[in-house]
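Reading through the structure tokens given below for one structure.
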Protein chains: 2
Amino acid sequence: MQPRANRRVTREEVARLAGTSVAVVSYVVNDGPRPVAEATRQRVLQAIKDTGYQPNGIARALASGTTRTFGAIVPNIANPFVAALAHELLQESMKYGHVMLLGDSGDSSQQEREVVLSLLNRQTDGLIYISVDRHPYSDLIRQHGTPVVMLDGVSPAAGIAVLRVDERRAAKDVTLHLLSHGYQRVGVISGPLSMLNTRDRLAGWRDAMDSYRLPVNDSWIVPADYTREGGYLAARQLLAEKQYPDALFVCNEPMAIGCLRALAEQGINVPDDLALVCFNGTDQAAYHQPSLTCVRQPIASIASSALKILREWQGGGGLTESQYFLQTGRSCGCVL
Amino acid sequence: MQPRANRRVTREEVARLAGTSVAVVSYVVNDGPRPVAEATRQRVLQAIKDTGYQPNGIARALASGTTRTFGAIVPNIANPFVAALAHELLQESMKYGHVMLLGDSGDSSQQEREVVLSLLNRQTDGLIYISVDRHPYSDLIRQHGTPVVMLDGVSPAAGIAVLRVDERRAAKDVTLHLLSHGYQRVGVISGPLSMLNTRDRLAGWRDAMDSYRLPVNDSWIVPADYTREGGYLAARQLLAEKQYPDALFVCNEPMAIGCLRALAEQGINVPDDLALVCFNGTDQAAYHQPSLTCVRQPIASIASSALKILREWQGGGGLTESQYFLQTGRSCGCVL
DNA sequence: CTGAAAGCGCTAACAT
DNA sequence: ATGTTAGCGCTTTCAG
């Protein structure tokens, strides 16, 4: 099959024009592994310019065994937190001359499988992997031998590195912040109960309630699906209770935003009538009415750590914890 | 260089185990181009299962001339409109077994150049290209011969396909909507004046004002940088005028969001004190207070059209216009 | 229906 | 310092 209509210029043509061999052209292009006389180098560079030669990365990848390409598998790039992280990953990859294949699972575990297989056979130099649920396809990846960093709550295993924040502690901290304002009936809008990170975040909320010796009311835990719409519906459901909470811990930002809308529609003032904090906020948090108090992950440093692990891959499977921080807005009752 | 520690299984091993030749293995794996006897096929399939063979996509790409990979070059994946579009592009690519290299220019034209070169030498089967400004590197792409669809306001050229909405008309329509509510002093928060789409959107706003025979006040055009922060600052600047507009056309959604924040801080009610519409809204538009009236682009159909153009590439350079639609929220004064 | 073999464009070891 | 050449793993033509 002809990939393209117009003939591509190859190394051979450059070599002929420069009156040298293809090896020397390689040495010039790659600045190694052997030295080249300055005069020759100049002739080669000129020939490259004249012919408009551009190296074929695929051929180089086949011969060298490295594609200079990473892969990222994410649940859905349209999620602002994921998009912000992807942005950092892309910026960071480029610093080392790598590009990134982005695999979007469309929030479906089945589709995630296809994405994983697809990226594996593209021979990426490494994978960043955020699974949609707690059944990641890590075995497929390990079997293939591609280095991988999971940014998930899963436990590390042989051949799988994990980089994450301690979500349980983070959830506890942000709930404690709420409690420090004097709220006592703190409900939760959580993600799907089947997901690992939902469990961690719920556990953190419980830890906080326990440390204040406050009772937890199970009807105040409303599971939703991590979307704005889900948060909206969950909030409406909660408001239908005869006695609803005076504060909420919402397990991600999109749901908090949906929640805010439901509350506004019912004329419930945040934070006066109902305070609210959320997990995994983004830059958007400061731009809502009221601004959202949230747990934030240091996405830039996560991105650079993750890629560093891939670059220096030792076949390893360590666990790296990254820091988180609280960003206060007005939604929790703080006066700014 | 050794790409990986553990030995990979190749076609040859499969062939040996199945007692046949590598060509037949190929025929089985690719389901062509030559037929294979059923008995042989079964033996090969079994051998593949036994060895855990996974084809090497790079070698296949080199031999076949097609990488089954597209590339997308975007200004910044963290922009919600871009992220939503990328999501659709990724979903659509996958339908045809393609993956996508994502190039993020980081809103920098210089970095965009590197990204373009990087994706070009990876031999993608085609590129989707949104340039950060009006100086796209289309020449580099055309010279390389890679099919490309630009989702921009640029004019089509030989070897470059363009897919876009008529931004001028869209801007006019949404401004007319504002005017239909009776506002007369409509200001603009625009993008950088150097950008092509800024000009189109401004022209549309002028068209609308003209058709109502309303005067336009140049101090009501505040250029910003298409970010939330930029919109925030622009709004504050506008409010400092002695007599400011009674309505605003904001040239993208992030700026409208920044604007909303500035107005809320000043206690200015939207839409009662100042109405507002924006360009390129996303699903988020409905979740702000008040919900945003905006021009929306049909991202799913844009994604599928763009990829269709790449798949059926004829070396062509056509212009395809895609429809837009207005989504009404409360920010313009509509009562919902 | 199946096998042998010539590439795809490049890297890098081995010669010189 | 430079040239020669054997692969990298696969596709596909050309012969059986």
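Fair warning: this is a prediction, and the values are worked out from it, not measured in the lab.
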Note to self: Check this one for me: any side-chain N or O of B:Thr20 less than 4.0 Å away from OP1 or OP2 of C:dT2?
What the structure shows: no
Within residues 36-45 of chain B, those residues having any heavy atom closer than 4.0 Å to DNA chain C are B:Val36, B:Ala37, B:Thr40
Residue set satisfying side chain to side chain contact (heavy atoms under 4.5 Å, CB included) with B:Asn121, at least two apart, ordered chain then number -> none
Taken to the nearest whole Å, CG/B:Asp31 to P/D:dT11 is 13 Å
Kindly indicate, with the supporting measurements, whether the criterion side-chain hydrogen bond (donor to acceptor under 3.5 Å, both in side chains) is fulfilled by A:Gln297 and A:Ser322. CA-CA 8 Å; A:Gln297 297 196 27; A:Ser322 79; 5.2 Å; no
Closest to the 5' end of DNA chain D, once A:Val22 and B:Asn30 are matched to their nearest nucleotides, is A:Val22
side-chain hydrogen bond (donor to acceptor under 3.5 Å, both in side chains) filter on B:Gln42, not counting sequence neighbours, yields B:Glu38
B:Val82 meets the side chain to side chain contact (heavy atoms under 4.5 Å, CB included) criterion, sequence neighbours left out, with B:Val74, B:Ile77, B:Asn79
Taken in chain and number order and not counting sequence neighbours, the residues that satisfy side-chain hydrogen bond (donor to acceptor under 3.5 Å, both in side chains) with B:Ser26 are B:Arg11
B:Glu12 CD to D:dT11 C1', in whole Å, measures 15 Å
Polar pairs (N or O, both sides) under 3.5 Å between protein and nucleotides 7-9 of chain C?
from: C:dC8; atom 1: O2; to: B:Ala63; atom 2: N; distance (Å): 3.3
from: C:dG9; atom 1: N2; to: A:Ala59; atom 2: O; distance (Å): 3.4

B:Tyr27 atom OH is separated from D:dC10 atom P, nearest whole Å, by 15 Å
With sequence neighbours left out, the residues meeting side-chain hydrogen bond (donor to acceptor under 3.5 Å, both in side chains) with A:Ser109 are A:Tyr137
Residue set satisfying side-chain hydrogen bond (donor to acceptor under 3.5 Å, both in side chains) with B:Ser304, at least two apart, ordered chain then number -> none
Across all chains, not counting sequence neighbours, the side chain to side chain contact (heavy atoms under 4.5 Å, CB included) partners of B:Leu17 are B:Ala47, B:Asp50, B:Thr51
Residues at least two apart in sequence or cross-chain that pass side chain to side chain contact (heavy atoms under 4.5 Å, CB included) with A:Ile58, listed by chain then number, are A:Asn56, B:Ile58, B:Ala61, B:Leu62, B:Thr67, B:Gln123
So salt bridge (Lys or Arg N to Asp or Glu O under 4.0 Å) across residues 53-70 of chain B, not counting sequence neighbours, yields none
Rounded to 10°, the angle between the first-five-pair and last-five-pair axes of the helix from C:dC1-D:dG16 to C:dT16-D:dA1 is 40°
Side chains of A:Tyr226 and A:Asn197, donor plus acceptor under 3.5 Å: yes
